[in-house]
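Below: the structure, in structure tokens.
The basis for the numbers below is simple: all heavy atoms, side chains too, and nothing from hydrogens, waters or symmetry mates. Predicted, not measured: the structure shown is a model, and the values here were computed from it.
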Amino acid sequence: MLNLQLGIRHAVGKQGPITLDLKSSAFDPKEKVWTRFPPEGSKYTPPHSSCDFRWKDYCPQVFRTLRRLFKVDAADYMLSLCGDQALRELSSPGKSGSFFYLTSNDQYMIKTMKKAEVKIFLKMLRAYYNHVRSFENTLVTKFFGLHCVKLAGANQKKVRFVIMGNLFCSDHFIHRRFDLKGSSLGRTTDKPQTEIDEYTILKDLDLNFIFRLQKHWYQEFQRQVDKDCDFLEQENIMDYSLLVGVHFRDKRVIMTEGSFDSDSSRGSSPHLSPHLSRGDTDPNRLSKIKLGSNMPTKAELTIRKSDCEPQLIGEPTGELYDVILYFGIIDILQDYDISKKLEHAYKSFQYDPTSISAVDPKQYSRRFKDFVYKAFQEDKVDI
């Protein structure tokens, strides 16, 4: 962690000229800068208490420009990642075996990466750059840096990691989290009902709401999801998710799954800012609403029929809640390679091929959109 912070301080401190029209060479996977960090310090690096290590910056000019596109202030970025407060490791590695760290102000997330993921990312970096430059409201993950720490000596261990925006960095407490793919096989939490809390990542078959967006936002949402899915399909990417965070504005709401009172849960999280309700009273709140962030919406409770066939979206009940939504498309570095094709073929013998996660990018994109446009609908009643 110290090596990572030393490296970032060094990399971000080397500010060069920024131009939005980058040359092809800036995106070359071979475009990387190695720096050695000896403990005693060097002409370019400070002395430090860690072991001797080497630091690699991938495509530094591209990420410097991306940070500018995403309106990230270099000083704030460095302070968030390299300030006195340590990065927090999130409870457990994901299914991929990656570890996640969060900055103390919740703004940035750091994820360790496999070599194969880095290759995929570098291969699609130019298309990613062009996409986020063209669509300011893109819902795909915001990436700010791609780096590697290599320990010197006999160990020679390499740790690659990417720095991303944290979707749930918010003044509102997130009461429910959903990871939605549009597939049904295995897409439910393995926790018993009584143990579901605000940190449980719920899945497609756990979703018990339809989110009703105002007409303007629904049209913008559809437009952007279409564009983002087109981009991912063209890059041969599948297995991504729509990550959704729900804040219930009515403090009296008692959630049925985990039966916790939203009042008593507020402030109990070690992962969230103490100013949890500032957004509710902020007179400028409306100006801060953007697609996927701080969006006031209605959530209609749904109930699934208890048939044998699992219903992806339940029947609407007419019971409405005022909520604030945060959402974005995550896990966009999984391409449809030979292992995924084999997984699809193997599982197709046992299950309905359309229900499994590993399907080709075209089919994945179509199924993902079909599901998302049922879970998010236009609110026909003007608010």
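- The line from CG of D179 to CG of D331 is 6.5 Å long, rounded to the nearest 0.5 Å.
- For S134 (side chain) and V132 (main-chain N/O), no donor-acceptor pair under 3.5 Å exists by modelled atom type.
- Within the 3.5 Å criterion, the main-chain N or O of K114 finds a donor-acceptor partner in the side chain of E117.
- Not one N or O on the side chain of T297 forms a donor-acceptor pair closer than 3.5 Å with the backbone of F211.
- Closest of all the heavy-atom pairs between C51 and L151 is SG-CD2, 3.8 Å.
- Residues S365 and C229 come closest through the heavy atom pair OG-CB, 3.4 Å.
- Nearest heavy-atom pair, R249 versus P296, reported as atom, atom and distance to 0.1 Å: NH1-CB, 3.9 Å.
- Closest heavy-atom contact between K290 and M295: O-CG, 3.2 Å.
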ask   = Under the side-chain hydrogen bond (donor to acceptor under 3.5 Å, both in side chains) criterion, do H131 and D228 qualify, and how do the steps go?
value = CA-CA 8 Å; H131 182 74; D228 289 343; 2.6 Å; yes
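- L2 and S49 get closest at one heavy-atom pair: CD2-OG, 3.6 Å.
- When only modelled atom types and interatomic distance are considered, H247 and Y326 share no side-chain donor-acceptor pair under 3.5 Å.
- Proximity of K150 to K157: side-chain heavy atoms (C-beta onward) are nowhere separated by under 4.5 Å.
- Listed for the T200 side chain is no donor-acceptor partner under 3.5 Å among the backbone atoms of L202.
- Under the 3.5 Å distance criterion, the side-chain polar atoms of N208 are left unmatched by any main-chain donor or acceptor of L301.
- Side-chain rings of F173 and H175 approach one another, their centers coming within less than 6.0 Å.
- With contacts defined as side-chain heavy-atom distances shorter than 4.5 Å, the pair V225/K369 qualifies.
- Taking the six-membered ring where the residue is Trp, the centroids of F143 and F121 are separated by under 6.0 Å.
- T19 places no side-chain N or O within 3.5 Å of a backbone atom of L22 that could act as its donor or acceptor partner.
- F231 has its side chain out of reach of E233: every pair of non-hydrogen atoms, C-beta onward, lies at least 4.5 Å apart.
- The nearest pair of heavy atoms linking D57 to A11 is OD2-CB, 3.1 Å.
- Between the side chain of S98 and the backbone N or O of M113 there is no donor-acceptor pair closer than 3.5 Å.
- A salt bridge does not link R67 to D73: none of the charged nitrogens lies less than 4.0 Å from a carboxylate oxygen.
- F63 places a side-chain heavy atom less than 4.5 Å from the side chain of L125.
- Proximity of a side-chain donor or acceptor of S241 to a complementary backbone N or O of K181 within less than 3.5 Å is not detected.
- Checked against a 6.0 Å centroid threshold, the rings of H10 and W55 do not count as neighbours.
- In the hydrophobic clustering of this structure, I120 groups with M164; members are Ile, Leu, Val, Met, Phe, Trp, Tyr whose side-chain heavy atoms approach within less than 4.5 Å, directly or through other members.
- In this structure, E40 CD and T45 OG1 are separated by 8.0 Å, a value rounded to the nearest 0.5 Å.
- Applying the side-chain hydrogen bond (donor to acceptor under 3.5 Å, both in side chains) test between R133 and each of T138, T65, D21 identifies D21 as the sole match.
- The main-chain N or O of Q214 is never found under 3.5 Å from a side-chain atom of D379 such that the two would form a donor-acceptor pair.
- Considering CG of N166 and NZ of K142, their distance stands at 12.0 Å, rounded to 0.5 Å.
- In this pair, Y218 and Y373 present their aromatic rings perpendicular. The plane angle is above 60°, beyond the 30 to 60° band.
- In the hydrophobic clustering of ILVMFWY residues, with side-chain heavy atoms under 4.5 Å counting as a link, M1 and M78 come out together.
- With salt bridges taken as basic N to acidic carboxylate O contacts below 4.0 Å, one links E300 and R212.
- A salt bridge links D322 to K298: one of the charged nitrogens lies within less than 4.0 Å of a carboxylate oxygen.
- In summary, the aromatic rings of F327 and F376 are positioned with their centroids under 6.0 Å apart.
- With a 4.5 Å cut-off on side-chain heavy atoms, Y77 and I163 count as touching.
- Side-chain contact between L207 and L180 is present, with at least one heavy-atom pair separated by less than 4.5 Å.
- Other residues, nucleotides and ligands place no more than 12 heavy atoms under 6.0 Å from the CD atom of E136.
- The CD atom of Q61 sits 7.5 Å away from atom OG of S25, with the distance rounded to the nearest 0.5 Å.
- With a 4.5 Å cut-off on side-chain heavy atoms, R177 and Y199 count as touching.
- At a threshold of 4.5 Å between non-hydrogen side-chain atoms, the residues L232 and I329 count as touching.
- For Y240 and F368, the distance between ring centers is under 6.0 angstrom.
- The closest donor-acceptor contact from the side chain of S104 to the backbone of L87 lies at 3.5 Å or more, if one exists at all.
- Of the N and O atoms on the side chains of Q222 and D226, not one donor lies less than 3.5 Å from an acceptor on the other residue.
- Of the inter-residue distances, the one linking L242 atom CG with D204 atom CG reads 10.0 Å to the nearest 0.5 angstrom.
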